[in-house]
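A quick note: this is a predicted structure, and the numbers were derived from the prediction, not measured. One-based numbering, in listed order, for ligands and for the atoms of each. The analysis underlying the following values was restricted to heavy atoms, covering all of them including side chains, and did not include hydrogens, waters or symmetry mates.
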Amino acid sequence: MKAFYSTAYGGPEVSHYGDFPDPSAGNGELLVEVKAVSLNPVDYKVKKGVARLMSGSKFPRIFGSDFAGVVREAGNGVTKFKPGDRVYGVTPVIWGKPGALAQLLAVDQKFVTAIPGQISFDEAASLPIAALTALNGLRKCRVSEGKAVLINGGTGGVGHFAIQIAKAKGAVVTATCSQGNAELARKLGADDTMGYSREELAKTGKKFDAIFDAYGMMDLEDVCRLLKRGGVYATTQIKPFLFLSSLPVQLVYGKKLTSSNVRSKPEDMEEMEKLFLDKKLYPVIENYFSLNHSAEAFELAEHGKPRGKIIIRI
Ligand SMILES: NC(=O)c1ccc[n+]([C@@H]2O[C@H](COP(=O)([O-])OP(=O)(O)OC[C@H]3O[C@@H](n4cnc5c(N)ncnc54)[C@H](OP(=O)(O)O)[C@@H]3O)[C@@H](O)[C@H]2O)c1
């Protein structure tokens with residue numbers, strides 16, 4: 001099969017497009033003909049070796065997590081899927097396991113879901129990590145009807161889904177983004193937009209019931225100032241300092257600081273799919289690449305400030 005693979009941790013200097021041995025479906029696994037992969041920051045971070053303790057030292061190695069495709073073969077013990085099924089999911093690239101940037105992927109059935117309705121492969125691949133992170137973040141922020149919510153990084157992969165989900169929950173949404181993206185943020189449903197620099201955040205007189213930090217790097221002083229008493233802040237980044245600060249901030253100011261990861265329980269997938277099928281959630285996809293141009297897609301994801309999601313078509 002053709003694959004985009006790495007011969008070591010690193011950037012384009014260790015990346016190759018070419019022939020790679022075909023995988024086969026093991027016990028409980030599906031062999032999927034991959035049709036589309038979407039990139040997330042975790043992909044370029046893991047590819048560069050940020051999580052090498054967990055991701056292992058096996059090379060050559062294929063990366064890429066979010067995928068959509070068609071089942072070619074069902075391994076022993078697979079009960080939920082059959083050849084020809086349209087599926088999508090997140091394949092975990094830990095302990096040396098291969099990712100999805102290839103024509104074929106062997107993946108445990110527990111990481112796979114049937115694509116419902118007429119969702120396209122590009123759309124399905126764009127959803128899992130980013131939309132489920134947004135869904136969980138807003139859940140942790142206890143976002144509901146009438147709540148004032150700030151979404152930081154509102155036009156990135158996670159943020160652009162978060163704006164739409166918060167609106168679907170009836171919240172009053174303010175999104176931060178660069179000036180050029182304000183129109184997109186409003187189109188996605190934001191009631192108001194502002195810049196994300198500390199100077200720009202200092203100008204607003206608004207206070208929020210919840211802050212979902214999709215970008216994940218807000219200064220805690222700004223967070224505490226912008227949050228109402230009883231409000232919740234959730235960030236996509238895991239920061240030791242946040243855990244140390246959360247108890248005193250909760251006790252003194254009655255404000256909750258927490259982190260929020262992607263969560264993909266079956267009920268999360270169902271909620272996300274329902275939002276999509278009810279036309280309350282859609283991916284913004286402005287950049288498509290073919291598998292042999294994956295290196296350019298990684299470059300854009302890491303340095304190009306793309307809006308919404310990047311898709312690599314296989
Ligand atoms: N913990 C988890 O489970 C989990 C899951 C998914 C993602 N994440 C993390 O969440 C972060 C965001 O992911 P993503 O997919 O949304 O990334 P992304 O698509 O690369 O998003 C970047 C967005 O952030 C905005 N941005 C750039 N600098 C900013 C700043 N200083 N303050 C606020 N916003 C800024 C950009 O806005 P402009 O273009 O308008 O400048 C752009 O829209 C990443 O660090 C990722 O690793 C964590």
Side-chain angles (χ1 to χ4, degrees), residues 37-48 50-51 54-55 63-66 90 92-94 125-141 150-166 174-188 190 193-202 204 211-223 226 233-240 242-243 258-265 268 272 283-287 297-312:
V37 169
S38 84
L39 288 189
N40 293 281
V42 68
D43 296 312
Y44 59 74
K45 290 177 188 173
V46 173
K47 185 175 178 301
K48 287 178 102 175
V50 168
M54 266 176 74
S55 104
F63 292 102
S65 314
D66 275 343
V90 181
V93 286
I94 50 169
S126 76
L127 290 172
I129 291 182
L132 291 170
T133 302
L135 197 61
N136 198 32
L138 295 170
R139 184 185 298 114
K140 285 208 155 189
C141 283
L150 176 67
I151 291 165
N152 185 47
T155 53
V158 175
H160 90 291
F161 286 132
I163 291 178
Q164 299 175 69
I165 297 170
T174 300
T176 73
C177 56
S178 52
Q179 215 176 0
N181 288 338
E183 198 184 324
L184 172 63
R186 285 192 178 271
K187 197 173 150 218
L188 292 163
T193 63
M194 58 186 177
Y196 45 66
S197 70
R198 294 204 67 192
E199 296 70 34
E200 285 161 301
L201 292 178
T204 181
I211 300 176
F212 176 49
D213 191 356
Y215 186 71
M217 302 301 280
M218 280 183 79
D219 190 282
L220 283 188
E221 212 179 293
D222 294 337
V223 169
L226 293 168
Y233 166 81
T235 171
T236 55
Q237 306 291 323
I238 297 153
K239 297 178 195 162
L242 185 77
F243 293 106
T258 185
S259 62
S260 168
N261 293 321
V262 60
R263 200 184 87 172
S264 55
K265 294 184 177 181
D268 300 323
M272 176 183 75
V284 169
I285 305 173
E286 295 182 336
N287 297 285
F298 271 85
E299 173 66 18
L300 177 67
E302 188 173 358
H303 302 294
K305 286 198 163 195
R307 310 196 309 173
K309 299 292 299 177
I310 296 171
I311 291 289
I312 298 172

Quick note on ligand 1: atoms under 4.0 Å from a heavy atom of Ile129 include exactly 6 (C)
At under 4.0 Å between heavy atoms, what of Thr133 touches ligand 1? The answer is side chain
Within the 4.0 Å heavy-atom cut-off, what Gln237 brings close to ligand 1 is side chain
Cationic N near anionic O, under 4.0 Å, Lys48 to Glu302: yes
protein heavy-atom neighbour closest to atom 17 (O) of ligand 1 works out as Pro41 CG, 3.3 Å
Keeping the roles fixed (side chain from Asn136, backbone from Asn261), state whether a donor-acceptor pair exists under 3.5 Å.
-> yes
For Lys239, is the NZ atom crowded, meaning more than 12 foreign heavy atoms sit under 6.0 Å from it? yes
Honestly, for Tyr215 the part within reach of ligand 1 (heavy atoms, under 4.0 Å) is both
The closest protein heavy-atom partner of atom 41 (O) of ligand 1 is Tyr196 OH, 2.4 Å
*Answer with yes or no whether Ala214 contacts ligand 1, where contact means a heavy atom under 4.0 Å from a ligand atom.*
yes
Side-chain heavy atoms of Leu300 within contact of Lys305, under 4.5 Å = no
_Could you check whether atom CD of Glu200 has more than 12 heavy atoms from other residues, nucleotides or ligands sitting under 6.0 Å from it?_
yes
Heavy-atom proximity to atom 39 (O) of ligand 1, picking from Asp43, Asp213, Asn181, Leu132, points to Asn181
closest protein heavy atom to atom 3 (O) of ligand 1 is Val262 N, 2.8 Å
Counting from 1 in the order shown, the ligand 1 atoms closer than 4.0 Å to a non-hydrogen atom of Cys177 are 40 (O)
Honestly, for Ile238 the part within reach of ligand 1 (heavy atoms, under 4.0 Å) is neither
Atom 47 (O) of ligand 1 sits nearest the protein heavy atom Lys45 NZ, 2.7 Å
Nearest heavy atom to atom 14 (P) of ligand 1, choosing from Leu39, Asn152, Val158, belongs to Val158
_Given 3.5 Å as the limit, does a donor-acceptor pair link the side chain of Ser260 with the main chain of Gly137, or not?_
yes
In this structure, atom 40 (O) of ligand 1 is nearest to the protein heavy atom Ser178 OG, 2.6 Å
### Message
Has Lys309 got a side-chain atom pairing as donor or acceptor with Val284's backbone, closer than 3.5 angstrom?
### Response
no
Atom 19 (O) of ligand 1 sits nearest the protein heavy atom Gly157 N, 2.8 Å
protein heavy-atom neighbour closest to atom 21 (O) of ligand 1 works out as Gly156 CA, 3.5 Å
Residues Val223 and Ile211: closest non-hydrogen pair is O-CD1, 3.9 Å
One finds that the ligand 1 atoms under 4.0 Å from a non-hydrogen atom of Thr155 are 40 (O), 43 (O)
The atoms of ligand 1 lying under 4.0 Å from a heavy atom of Gly153, numbered in the order shown, are 34 (N)
Nearest non-hydrogen protein atom to atom 10 (O) of ligand 1, with distance, is Thr236 OG1, 3.1 Å
Test your reading of the model: is there a side-chain donor-acceptor pair from Asn40 to the backbone of Val42, 3.5 Å cut-off? no
Without swapping roles, check the side chain of Asn152 against the backbone of Ala214 for a donor-acceptor pair under 3.5 Å.
no
query = Just by distance, do the side chain of Lys140 and the backbone of Thr235 share a donor-acceptor pair under 3.5 Å?
reply = no
* Kindly say whether Gly156 contributes a backbone atom to a donor-acceptor pair with the side chain of His160 at under 3.5 angstrom? => yes
